[in-house]
Protein chains: 2
Amino acid sequence: MARTAGSNGTRTLESIRKAGLRLIYRQGYEAMSLRQLASEVGIQAGSLYNHISTKQDLLFDLIRVHMEELIDRLDKTLEGVAGPSDKLDAFIRFHVEYHIARKREVFISYSELRSLEPKNYDAIVELRARYERRLIAVLDDGVAAGVFATADTTVAAFGILAMLTGVCTWFKPGGRMTKDEVIAVYTGLVRDGLARDADKPKAISPPPPPPAGGAPGA
Amino acid sequence: MARTAGSNGTRTLESIRKAGLRLIYRQGYEAMSLRQLASEVGIQAGSLYNHISTKQDLLFDLIRVHMEELIDRLDKTLEGVAGPSDKLDAFIRFHVEYHIARKREVFISYSELRSLEPKNYDAIVELRARYERRLIAVLDDGVAAGVFATADTTVAAFGILAMLTGVCTWFKPGGRMTKDEVIAVYTGLVRDGLARDADKPKAISPPPPPPAGGAPGA
DNA sequence: TTTAAATACGAACATACGTTTTTATCTTGC
DNA sequence: GCAAGATAAAAACGTATGTTCGTATTTAAA
């Protein structure tokens, strides 16, 4: 045979990305074979190459697009919010909601970092750092304004991010808690953890060169 | 050739486990070939099978031993500590120290869950849940004693665990902060996050069947 | 000292992999 | 309606994979 009736490049690529995301999430990048991916899309393995350049490029693209959208949406969310406290609340809500909604993208963006070739790896780590810097900036503002207290805004930011991101490993919609309840608990934890009160240790050492992204590899 | 002079089963197995841990951490389970593993150990691929039964079994064993030791050590650590506040502090210190010391085991125990066959997967998830229950119990005690306040001890425990575990993705010994400083920051965040004060929401719904472990798969 | 078990080599197995190439058909723009 | 480009099939490529097997040598037990 040859070209199938009704075939359409844009639609097929979308199918590939969707199936790829699902399979990589479920099995891992290395464990997903292109034949399996092709079969999910309903085409032959070789035909994938009419839409992607390599398997590695598919992975990189999935992660990159996700990270860029994450940053874009955060920026739009924080745009209209003023003051460190409200910004922190907005950040928490945004982060949790996005991570619940895109748990697969989030998971592979973290766990498949080590499957990225060095150049691609570096690009993603840079995007991740950019996102992290948004939260650090909010914390810094809050500390400067005297509404937050923490010994180290960078470490606090990493701690908060890890905590919030963890939600997408266990949250199930329709489960015991609603999304809003989860957000409420986390907001409480973070707010109080940063609450300013009398005898908190102040900065224990001069401000940071931020640590890399998060992955082992390389 | 045949058996090498000076060869020793116990020592070789130890080499295999050590090299396996390193390679799986760096490249992932699927990406580590047995030939590569064997070469690191200094033997031929086929000879691995004098020491392990399958590749899968090596992975399972690495993770299982790690989880069991984690739980054992935690229990020994908490044994001599009385009162929820001190227990929480001890937990935080133990968890962070252990996770810094064993960052490779920790990482693969999380990220390679999906590479485990169902039976092995279930066993690890159960071990993980057992560990989580230790922290939940401390929080429950604290809430009962009126020294902690949180809307949901299970969610709080997951949040705290995710935050603390996150440390091993960025902490570098000899870096800007010492281990003790990191522990201090995290202890502060958690303590204040759980601090009891007037207008905290109390439990928002009846107590939990705890969510699974953490992995996507299956 | 003899013997059995442990350990490693080296070759082989079947299978699976990512990717390329060729060819045929369909779709689209003129 | 025709030409050009897009899309898919099908087969093949070389290589790599986890695992098994037979054999040789060393170690440890009797």
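Chain letters run A, B, ... following the sequence lines, proteins first, then strands; residues in each count from 1.
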Integer-rounded Å distance: C/dC17 P and A/Glu30 CD: 12 Å

Whole-Å gap separating C1' (C/dC26) and CZ (A/Arg11): 13 Å

Residue pair A/Ile63 / A/Ile108: nearest heavy atoms and the distance that separates them: CD1-O, 3.8 Å

5' priority, DNA chain D, between A/Gly42 and B/Ala31 [closest heavy atom]: A/Gly42

Among C/dT19, D/dG18, D/dA9, the nucleotide that comes nearest once only the side chain of A/Leu34 is considered: C/dT19

Between P of C/dG18 and CG of A/Leu59, the distance in whole Å: 13 Å

Below 4.0 Å: OP1/OP2 of C/dA8 and any side-chain N or O of B/His51: yes

Minimum-distance nucleotide to B/Tyr49 side chain [options: D/dA8, D/dT20, C/dG18]: D/dT20

Check ion pair B/Glu105-B/Arg17 (N to O, under 4.0 angstrom): no

Nearest heavy atoms of B/Met163 and A/Met163, plus distance in Å: CB-CB, 3.8 Å

Nearest-angstrom distance from the residue atom NZ of B/Lys55 to P of D/dT17: 9 Å

Shortest side-chain distance from B/Gln44, nucleotide among C/dC9, C/dT7, D/dA10: C/dC9

Value in whole Å for how far the P atom of D/dT19 lies from CG of B/Leu37: 12 Å

Nearest-neighbour nucleotide for the A/Ala45 side chain, D/dA8, C/dT19, C/dT7 considered: C/dT19

Selection from C/dT19, D/dT19, C/dA8 that lies nearest to any side-chain heavy atom of B/Arg35: D/dT19

Sugar-phosphate only, base, or nothing, as touched by B/Ser33 at under 4.0 Å among non-hydrogen atoms: sugar-phosphate

Heavy-atom donor-acceptor pair, A/Asn50 side-chain to D/dA8 base, under 3.5 Å: yes

Candidate nucleotides C/dA8, D/dA8, C/dG18, ranked by approach to the side chain of A/Ile43 - the nearest: D/dA8

Atom-pair distance (CD on B/Gln36; P on D/dT17), nearest Å: 8 Å

Parallel, tilted or perpendicular: ring planes of B/Phe94 versus B/Tyr131, cut at 30 and 60 degrees: tilted

Selected nucleotide, minimal atom distance to B/Thr12 side chain, candidates C/dT20, D/dG18, C/dA8: C/dA8

SB check B/Arg102 B/Glu69 (cutoff 4.0 Å): yes

Contact nearer the 5' end of DNA chain C, comparing A/Gly46 with B/Ser47: B/Ser47

Interatomic distance where CG belongs to A/Leu48 and P belongs to D/dA10 [whole Å]: 15 Å

